[in-house]
Amino acid sequence: MRTTAEVVVVGAGIIGASTAYWLTEMGLRDVVIVEQRVPAAGATGKSGALVRLHYPNPYETRLALESLRFFQEWEARVGTPSPFVRTGFLQIVAASDEEKLQANVTMQQALGAPVELLTAEQVAELEPWCDVTGITVAAYEPESGYADPVAATLGLLERARRNGAELRIGEQATGVEIIGGRVAGVQTSAGRIAAPFVVLTPGPWANSLLAALGLDYGLIPRRVQVVVFRWPVEPAPRHCCGIDTALGMWFRPEGETATLVGLESGIRQVDPDRYAETTDPDFVAPARTAIAQRYPMLKQGIVRGGWAGVVMQSPDGRPLFGPIPEYSGLFAFLGDSGTSFKTAPAVGRVLAEWIVEGMPRQDVQAFRVTRLAEGRPWIDPTDYSRPDRTVSR
Ligand SMILES: Cc1cc2nc3c(=O)[nH]c(=O)nc-3n(C[C@H](O)[C@H](O)[C@H](O)COP(=O)(O)OP(=O)(O)OC[C@H]3O[C@@H](n4cnc5c(N)ncnc54)[C@H](O)[C@@H]3O)c2cc1C
């Protein structure tokens, strides 16, 4: 077991795994990843793991597009079976948001994203079992889909391990050691690891590590739920992944015969060490009502299970990542805000470049951890979401 490292990564969710992957692909060998439970034990293992491109700003769209390409090239890059399933993705919005949708698609296309606008008739042609009532225009991404988030995390970690990294499962980081304003290492439940660089990727457990460093970004762990409905027909229809902002819902196929549904409801603050991991009984009926509005056959859908996970919400609903300016050598990815599985391949690359090359090759200033303290929260004029709501997808 190493007592020194070039970099310690705290947390083996998809972001920590991707960071370790990239650090070792860029040539570092002395990388230690400490994981308090098991890999993907946090938000990642519970994720809907939609891999799509539709964001209302170029910064997240760029990360999502780079990451989609990574998922498409998974076997060549990672060397494990691909966790990615291509299904296509539909973004549906309320009539009042159609102009914003069109503006977002224009921006995404300018960045090279494979996305097009469909009329309601074209949506009906693509998805004959979909009720297109209320849709006049939708965004369609033919190359998008979803992934198995646990397989993705394990694949990246396996590659990092083969590249020389050490993965320590069941070991908790209890504090970051600072000497003279610089990172000196990490204290863990098993001892001390001296290191000049530490990357915090602890998901919804971030607050205690940050508080010990005198840092507070207003992050709130929030519980979100999903439920799985088996189609009541055989063969079950194959359908796209989708987000329907008008109905406050997202969905994707779950295997060959079922559909996974998430809603903008029942979301509340919890302790990530003590929360109900199964779906609340009163979540199922609204989820059924919502999905049946698009796929009427699912009114008779058979409940096959469901679960809850915890995401870390930032005050402006966008992730914060990069260097922590108070402490040289300290980096973090914080406040995933329920939307950071799909961008993890690109985020890991950026964090690794910062450490290995001193600067990322891409402008990611929008994600800087200081933006809230500067009084400049992230606001997207073409965002559809209502201010008091979030949806994990
Ligand atoms: C129900 C649900 C649906 C979602 N759907 C989507 C979606 O469709 N698309 C999408 O892009 N995103 C989605 N998300 C969000 C996405 O899953 C998260 O943004 C992403 O997984 C965050 O990854 P992470 O690595 O930052 O955090 P996590 O996965 O939470 O990982 C943090 C890890 O750090 C470990 N850890 C914490 N503290 C310590 C410590 N002190 N010492 C050692 N280890 C520690 C934890 O045990 C954990 O394994 C969804 C999330 C949920 C819950």
Side-chain angles (χ1 to χ4, degrees), residues 8-20 32-53 55 60 63-64 67-68 71 89 144-147 149-150 152-153 156-157 167-176 186-190 198-210 212 221-227 241-243 250-252 260-263 266-267 270 272-273 275 277 279 306-314 319-321 332-345 347-348 351 390-393:
V8 177
V9 178
V10 175
I14 191 69
I15 300 286
S18 173
T19 305
V32 174
I33 310 136
V34 291
E35 167 52 52
Q36 62 183 3
R37 295 184 175 182
V38 291
T44 300
K46 305 295 186 68
S47 189
L50 298 193
V51 175
R52 45 92 195 172
L53 306 168
Y55 279 100
E60 287 175 296
L63 295 179
S67 298
L68 172 64
F71 281 109
F89 168 82
S144 296
Y146 68 96
V150 179
T153 306
L156 292 168
L157 290 170
L167 171 62
R168 285 154 62 161
I169 293 176
E171 183 168 335
Q172 185 180 42
T174 50
V176 179
V186 172
Q187 296 285 352
T188 80
S189 49
V198 171
V199 187
L200 300 178
T201 58
W205 287 270
N207 282 337
S208 57
L209 286 169
L210 295 173
R222 298 178 85 181
R223 174 176 176 266
V224 292
Q225 303 175 66
V226 298
V227 60
C241 295
I243 298 176
W250 61 269
F251 52 89
R252 69 155 168 83
L260 180 70
V261 182
L263 283 192
I267 295 165
V270 290
D273 284 319
Y275 72 96
E277 288 193 75
T279 307
W307 61 84
V310 183
V311 301
M312 193 61 138
Q313 191 72 20
S314 77
L320 301 148
F321 67 85
F333 178 90
L334 304 166
D336 70 280
S337 299
T339 185
S340 303
F341 174 81
K342 71 185 73 58
T343 47
V347 167
L351 287 169
T390 177
V391 70
S392 296
R393 32 38 183 175

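Note that ligands are numbered from 1 as they come in the structure, with each ligand's atoms numbered from 1 the same way.
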J.: Distance-only, no hydrogens or angles: does the Ser314 side chain make a donor-acceptor pair with backbone N or O of Pro319 under 3.5 Å?
T.: no

J.: Determine yes or no for a side-chain-to-main-chain donor-acceptor pair under 3.5 angstrom, with Ser337 supplying the side chain and Gly335 the backbone.
T.: yes

J.: Examine Ser340 against ligand 1 and note whether any of their N/O atoms are separated by less than 3.5 Å.
T.: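 Yes; the residue has a nitrogen or oxygen that sits under 3.5 Å from a nitrogen or oxygen of the ligand.
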
J.: Between Thr339 and ligand 1, find which residue part has any heavy-atom pair under 4.0 Å and reply side chain, backbone, both or neither.
T.: backbone

J.: If we ignore hydrogens and angles and just use 3.5 Å, is the side chain of Thr44 paired with the main-chain N or O of Pro149 as donor and acceptor?
T.: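 Pair absent, no side-chain N/O of Thr44 close to backbone of Pro149.
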
J.: Is there at least one pair of N or O atoms, one from Lys342 and one from ligand 1, spaced under 3.5 Å apart?
T.: yes

J.: Evaluating non-hydrogen atoms only, which member of Arg252, Arg52, Lys46 is closest to atom 1 (C) of ligand 1?
T.: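 Result: the heavy atom closest to atom 1 (C) of ligand 1 is in Lys46.
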
J.: Within less than 4.0 angstrom of ligand 1, does Gly338 place any heavy atom?
T.: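 Yes.
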
J.: Can you confirm whether Leu260 sits close enough to Trp250 that some side-chain heavy atom of one is under 4.5 Å from a side-chain heavy atom of the other?
T.: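 Leu260 reaches Trp250 side chain to side chain.
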
J.: Relative to Tyr146, does Arg252 satisfy both conditions: NZ or CZ under 6.0 angstrom from the six-membered ring centre, and within 45 degrees of the ring's axis?
T.: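 Judged by the rule, Arg252 and Tyr146 form a cation-pi pair.
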
J.: For a quick test of reading the model, state the closest non-hydrogen atom pair linking Val270 to Arg222 and the distance between them.
T.: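 Where Val270 meets Arg222 most closely, the heavy atoms are CG2-C, 4.3 Å.
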
J.: Could you tell me which atoms of ligand 1, counted from 1 in the order shown, lie closer than 4.0 angstrom to a heavy atom of Val311?
T.: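 Atoms satisfying the 4.0 Å criterion: 51 (C), 52 (C), 53 (C).
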
J.: Give yes or no for whether the N/O distance cutoff of 3.5 Å, strictly under, is met between Gln36 and ligand 1.
T.: yes

J.: Side chain, backbone, both or neither: which applies to Phe341 and ligand 1 if a contact is any heavy-atom pair less than 4.0 Å apart?
T.: both

J.: State which residues pass salt bridge (charged side-chain N to carboxylate O under 4.0 Å, His left out) with Glu35; sequence neighbours excluded, sorted by chain then number.
T.: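 Partners of Glu35 by the salt bridge (charged side-chain N to carboxylate O under 4.0 Å, His left out) criterion come out as none, since no residue qualifies.
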
J.: If I take atom CD1 from residue Ile169 and atom CZ from residue Arg37, how far apart are they, to the nearest 0.5 angstrom?
T.: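 Spacing of CD1 (Ile169) from CZ (Arg37) equals 13.5 Å.
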
J.: Looking only at non-hydrogen atoms, find the nearest pair between Pro345 and Phe71 and report the distance.
T.: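 Smallest interatomic distance, heavy atoms only, reads CG-CE1, 3.7 Å.
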
J.: Please list every donor-acceptor pair under 3.5 Å in which a side-chain atom of residues 8-15 meets a protein atom from a residue at least two apart or in another chain.
T.:
none

J.: When only distance counts, is Ala40 in polar contact with ligand 1, meaning an N/O pair under 3.5 Å?
T.: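 Among all N and O atoms of Ala40, none is under 3.5 Å from an N or O of ligand 1.
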
J.: Go through ligand 1 atom by atom and flag the ones less than 4.0 Å from a non-hydrogen atom of Leu209.
T.: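 Those of ligand 1 that fall under 4.0 Å from Leu209 are 41 (N).
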
J.: Can you check whether Gln172's main-chain N or O pairs, donor with acceptor, with Ser189's side chain at less than 3.5 Å?
T.: yes

J.: With heavy atoms of Val224 as the reference, note each atom of ligand 1 found under 4.0 Å away.
T.: 1 (C), 2 (C), 52 (C), 53 (C)

J.: Taking N or O atoms only and a 3.5 Å limit, does Ile15 qualify as a polar contact for ligand 1?
T.: yes

J.: For Gly13, counting its heavy atoms only, list the atoms of ligand 1 lying under 4.0 Å from any of them.
T.: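 Going through ligand 1 atom by atom, the ones under 4.0 Å from Gly13 are 25 (O), 29 (O), 31 (O), 33 (C).
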
J.: Under a 4.5 Å cut-off applied to non-hydrogen side-chain atoms, are Phe89 and Ile243 in contact?
T.: yes

J.: Out of Pro39, Pro149, Pro319, Ser47, who is nearest to atom 14 (N) of ligand 1 when you count heavy atoms only?
T.: Ser47

J.: Please state which part of Ala49 comes within less than 4.0 Å of ligand 1, counting heavy atoms only: side chain, backbone, both or neither.
T.: backbone

J.: Which heavy atom of Gly16 sits nearest to which heavy atom of Thr201, and what is that distance?
T.: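 Scanning both residues, the minimum pair turns out to be CA-OG1, 3.3 Å.
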
J.: Which of the numbered atoms in ligand 1 are below 4.0 angstrom from a heavy atom of Leu50?
T.: 7 (C), 8 (O), 9 (N), 11 (O)

J.: Would you say Trp307 and ligand 1 have an N/O pair spaced under 3.5 Å apart?
T.: no

J.: Quick one: does Ala173 get an N or O within less than 3.5 Å of an N or O on ligand 1?
T.: yes

J.: As an exercise, identify every atom of ligand 1 less than 4.0 angstrom from a heavy atom of Glu171.
T.: 43 (C)

J.: Kindly confirm or rule out an N or O of Gly48 lying under 3.5 angstrom from an N or O of ligand 1.
T.: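 N/O-N/O distance under 3.5 Å: yes.
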
J.: Side chain, backbone, both or neither: which applies to Thr201 and ligand 1 if a contact is any heavy-atom pair less than 4.0 Å apart?
T.: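 For Thr201, only backbone atoms sit under 4.0 Å from ligand 1.
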
J.: Between Lys46 and Val224, is a side-chain contact (heavy atoms from CB on, under 4.5 Å) present by the stated rule, with each step listed?
T.: CA-CA 9 Å; Lys46 305 295 186 68; Val224 292; over 6 Å; no

J.: Suppose I only count heavy atoms of Ile14 and a 4.0 Å limit; which atoms of ligand 1 are within that range?
T.: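 In order of numbering, the contacting atoms are 21 (O), 23 (O), 25 (O).
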
J.: Need the ligand 1 atom indices (1-based, order shown) with element for anything under 4.0 Å from a heavy-atom of Pro204.
T.: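 Heavy-atom distances to Pro204 below 4.0 Å select 30 (O).
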
